[in-house]
Amino acid sequence: MRGIRTLESIKAYCQTHHDLLPHQIRVAVGLSGGVDSAVSAWLLKQAGFSVQGVFMRNWDSQDVANPTGECSSDADYKDARKVADHIGIPITKVDYVKEYWTQVFEPFIKAYEQGLTPNPDINCNRHIKFDKFLNHCKSKLECHFIATGHYARVFDHPPLTSN
């Protein structure tokens, strides 16, 4: 994977290293249903990349409903699906509920009970986003890059695939 700051950087990297055109570059976007990831997906699509939306279900909200009575993850997926349909990209759903519970939520509770101030985003990034999600996008979707609507520290790494 290669962390990229601009769309032009993706194009330049792929032309220099792989002689790929933008439409040949596959980018998986973690599409949450929110504005930030929607804009990321739209910008990548407008730049000519082959964009695949991926919705991550990380929480089992069967017992937690929003004011309409619908589970919040179901509502979020509907929003993500609407965004994907509007932009004209495919979307898939992956389920990381078990992994999130054991690798993010339980350590968060343990740390909190010990009087610490835990940050669950650190474990979510480590175990879910940059492990499960990244490997899914690499192996199942054969994407060259991943993108989200979140801010990140950028590191240079080889692309996800050698294509």
Side-chain angles (χ1 to χ4, degrees), residues 1-14 20 22-61 64-68 70-101 103-105 108 118-161:
M1 182 188 100
R2 180 169 166 81
I4 302 293
R5 286 180 175 31
T6 66
L7 298 174
E8 291 75 26
S9 298
I10 296 174
K11 291 177 187 177
Y13 177 83
C14 290
L20 295 173
H23 72 277
Q24 296 171 306
I25 300 168
R26 292 179 304 279
V27 182
V29 176
L31 204 54
S32 67
V35 173
D36 295 341
S37 63
V39 170
S40 294
W42 182 80
L43 287 170
L44 289 161
K45 175 78 173 178
Q46 291 300 307
F49 298 104
S50 175
V51 180
Q52 165 75 51
V54 183
F55 178 83
M56 290 182 279
R57 183 174 170 262
N58 296 333
W59 190 257
D60 187 359
S61 57
V64 181
N66 65 24
T68 66
E70 182 177 42
C71 292
S72 63
S73 67
D74 294 338
D76 291 343
Y77 180 68
K78 280 185 178 180
D79 290 342
R81 171 122 227 133
K82 285 179 190 174
V83 166
D85 289 346
H86 183 76
I87 295 172
I89 63 171
I91 186 169
T92 58
K93 186 192 299 190
V94 292
D95 190 317
Y96 299 131
V97 171
K98 181 180 177 184
E99 294 88 346
Y100 188 88
W101 184 267
Q103 297 174 335
V104 179
F105 191 67
F108 169 80
N119 182 342
D121 292 341
I122 293 169
N123 280 336
C124 185
N125 286 342
R126 179 180 297 134
H127 299 294
I128 307 299
K129 191 183 298 176
F130 297 115
D131 182 16
K132 303 294 183 209
F133 175 70
L134 178 114
N135 287 320
H136 171 80
C137 295
K138 179 180 178 180
S139 63
K140 303 280 190 219
L141 303 178
E142 299 180 344
C143 288
H144 296 96
F145 298 93
I146 62 169
T148 68
H150 297 185
Y151 298 96
R153 183 181 305 158
V154 178
F155 295 95
D156 288 335
H157 296 283
L160 297 176
T161 64

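Bear in mind that the values here come from a model prediction, so they are computed numbers and not experimental data.
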State the NZ-OG distance between Lys45 and Ser50, to the nearest 0.5 angstrom. 7.5 Å
With distance as the sole test, does Ser73 use its side chain to make a donor-acceptor pair with the main-chain N or O of Arg57 at under 3.5 Å? no
With sequence neighbours left out, what residues match Asp121 under salt bridge (charged side-chain N to carboxylate O under 4.0 Å, His left out)? none
Interatomic spacing from CD1 in Ile87 to CD in Gln46 - rounded to 0.5 Å: 8.5 Å
Find out whether His136 and Leu141 are in side-chain contact, i.e. whether some heavy atom of one side chain is under 4.5 Å from a heavy atom of the other. yes
How many angstroms lie between atom NZ of Lys129 and atom CG of Asn58, to the nearest 0.5 angstrom? 9.5 Å
Any chance you could lay out the side-chain contact (heavy atoms from CB on, under 4.5 Å) test for Ile91 and Arg81, step after step, and finish with the verdict? CA-CA 7 Å; Ile91 186 169; Arg81 171 122 227 133; 3.0 Å; yes
Describe, in one word, how the ring planes of Tyr100 and Trp59 are oriented to each other, choosing from parallel (under 30°), tilted (30 to 60°) and perpendicular (over 60°). perpendicular
CD/Glu142 to CD/Gln52 distance, rounded to the nearest 0.5 angstrom? 11.5 Å
Supply the atom-to-atom distance Met56 CE to Asp95 CG, rounded to the nearest 0.5 angstrom. 12.0 Å
Has Tyr77 got a side-chain atom pairing as donor or acceptor with Lys93's backbone, closer than 3.5 angstrom? no
side-chain contact (heavy atoms from CB on, under 4.5 Å) partner of Val29, chosen from Thr148, Leu44, Val54: Leu44
How long is the gap from CG on Asn125 to CZ on Phe130, to the nearest 0.5 Å? 5.0 Å
Kindly indicate, with the supporting measurements, whether the criterion side-chain contact (heavy atoms from CB on, under 4.5 Å) is fulfilled by Phe55 and Leu31. CA-CA 5 Å; Phe55 178 83; Leu31 204 54; 5.6 Å; no
Sidechain-backbone polar pair: His23 side chain, Gly48 backbone, donor-acceptor under 3.5 Å: no
